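First up is the structure itself, then whatever we jot down about it.
Start at 1 and go down the list; that is how both ligands and their atoms are numbered. Starting from 1, each residue takes its place in the sequence as its number. Side chains are part of it too, since the values below use all heavy atoms of this structure and drop only hydrogens, waters and symmetry mates. These numbers were taken from a predicted model, which means no experiment stands behind them.
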Amino acid sequence: MTDTLDGDYRTGQIKLHGPEGFEGMRKAGRLAAECLDMLEPYVVPGVVTEKLDDLAREFILDHGALPACLGYRGYTKTVCISPNHVVCHGIPGERTLREGDIANIDVTVIVDGWHGDTSRMYGVGAVAPRAKRLVDVTYEALERGLAQVKPGNRTGDIGAAIQQYVESMRCSVVRDFCGHGLGRVFHDAPNILHFGQKGTGEVLKAGMFFTIEPMVNLGKHPVKLLADGWTAVTRDKSLSAQCEHSVGVTEDGVEIFTASPTGQFRPAILAA
Ligand code: MF3
Ligand code: CO
Ligand code: CO
């Protein structure tokens, strides 16, 4: 079988990568994080979501990288922008962001063939306390998942830690989308569910690369897909949030490839 240019090719095998894979993912992850850092000052009331997409695409191309989503399974934009009750895969367009919105921006870049995939939450102007709380719970949920990443643990330990925490905060974990292996391929084995049972799933080994990207709803977990075939929204119209990192399993834990070099991954609305 031949590989495809857009990374839309599942091997179904969990690959174990060596030092050159880690080096490749460090570069890709860093550029993806820098792209989200770059967008921060532009996420203000009145901004047209398509403008944020243009800024991201130009930034990625200016840095000699490729936008992985552009052309991926027919997707026509560089980033996904998912405000308020949009769970994920919101398509940038004429929609403007308004004061009080929360929005996830998800970007994936390809650098020297390696995929860096990350998303974070932005607040638009002043944000209501319950929206802030959701963003806080989602950020912390990802942290709880990351804390489970080390050789010998299982993928189910990640999901269980996330689900247990999120539900203890009276929020819900989206079931219909999961984290995924990545590397030279965009979406591959293993699936990383953000819910489940401790001690189940694949055993984590040094050299595995995958994303953790929990979607958390203030209301119930079911989602529905809009007619555009991409945009997923909460069925009950409750607010939804998401945070995503691309990581590698190391000999003694985890390396976060998509950490922000300037420490901006933790949403600015949570500052203090
Ligand atoms: N970046 C998304 C993920 O986390 C995938 C978006 S696919 C797209 O896996 F085509 F919608 F861009
Ligand atoms: Co992803
Ligand atoms: Co993503």
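Remark: minimum distance from atom 3 (C) of ligand 1 to any protein heavy atom is reached at Asp117 OD2, 3.4 Å. From the protein, the heavy atom lying nearest to atom 11 (F) of ligand 1 is Trp230 CZ3, 3.3 Å. Protein heavy atom at the shortest distance from atom 7 (S) of ligand 1 is Tyr72 CD2, 3.9 Å.
Summary: OD1 is the N/O/S atom of Asp117 found nearest to the Co ion (ligand 3). Nearest N, O or S atom of Glu244 to the Co ion (ligand 3): atom OE1.
Residue Tyr75 has no nitrogen or oxygen atom sitting less than 3.5 Å from a nitrogen or oxygen atom of ligand 1, judged on distance alone. Annotation: Asp106 places an N or O atom under 3.5 Å from an N or O atom of ligand 1; distance criterion only. For Glu213, a nitrogen or oxygen atom sits less than 3.5 Å from a nitrogen or oxygen atom of ligand 1, counting backbone and side chain alike.
For the residue pair Val174 and Val223, the shortest heavy atom distance occurs at CG1-CG1, 3.8 Å. The minimum heavy-atom distance linking Pro222 with Asn217 is given by the pair O-ND2, 4.5 Å. Nearest heavy atoms, Tyr139 versus Pro267: CD1-CD, 3.6 Å. Ala28 and Val111 make their closest contact through CA-CG2, 3.7 Å (heavy atoms, listed as atom of the first residue, atom of the second, distance). Smallest separation of non-hydrogen atoms from Glu244 and His180: OE2-NE2, 3.7 Å. Of all non-hydrogen atoms in Lys150 and Leu204, the two that sit nearest each other are O-CB, 3.6 Å.
Counting atoms of ligand 1 from 1 in the listed order, those under 4.0 Å from a heavy atom of Cys69 are 6 (C), 8 (C), 12 (F). Close approach to His187 involves these atoms of ligand 1, each under 4.0 Å from a residue heavy atom: 3 (C), 5 (C), 9 (O). Numbered from 1 in the order shown, with element, the atoms of ligand 1 that lie under 4.0 Å from a heavy atom of Thr108 read 1 (N).
Under the 4.5 Å side-chain heavy-atom criterion for Ile, Leu, Val, Met, Phe, Trp and Tyr, Val233 and Val135 are members of distinct hydrophobic clusters. In the hydrophobic clustering of this structure, Leu39 does not group with Met121; members are Ile, Leu, Val, Met, Phe, Trp, Tyr whose side-chain heavy atoms approach within less than 4.5 Å, directly or through other members.
Inter-residue side-chain proximity for Val137 and Tyr165 is flagged as met; some heavy-atom pair is nearer than 4.5 Å.
With 2.8 Å as the limit, Asp106 does not count as an N, O or S neighbour of the Co ion (ligand 2). Checking His187 against the Co ion (ligand 2), every N/O/S atom stays at or beyond the 2.8 Å cut-off. Distance check for Glu213 against the Co ion (ligand 3): none of its N/O/S atoms falls below 2.8 Å.
Between His180 and ligand 1 there is a heavy-atom distance shorter than 4.0 Å.
Contacts with ligand 1 closer than 4.0 Å are made by no heavy atom of Ser119, backbone or side chain. Residue Thr211 does not touch ligand 1, judged by heavy-atom distances below 4.0 Å.
Aromatic pair His245/Phe265: ring centres closer than 6.0 Å.
For the ring-ring contact (aromatic ring centres under 6.0 Å, His included) test with His17, the passing option among Trp114, Phe210, Phe22, Phe257 is Trp114; the others fail.
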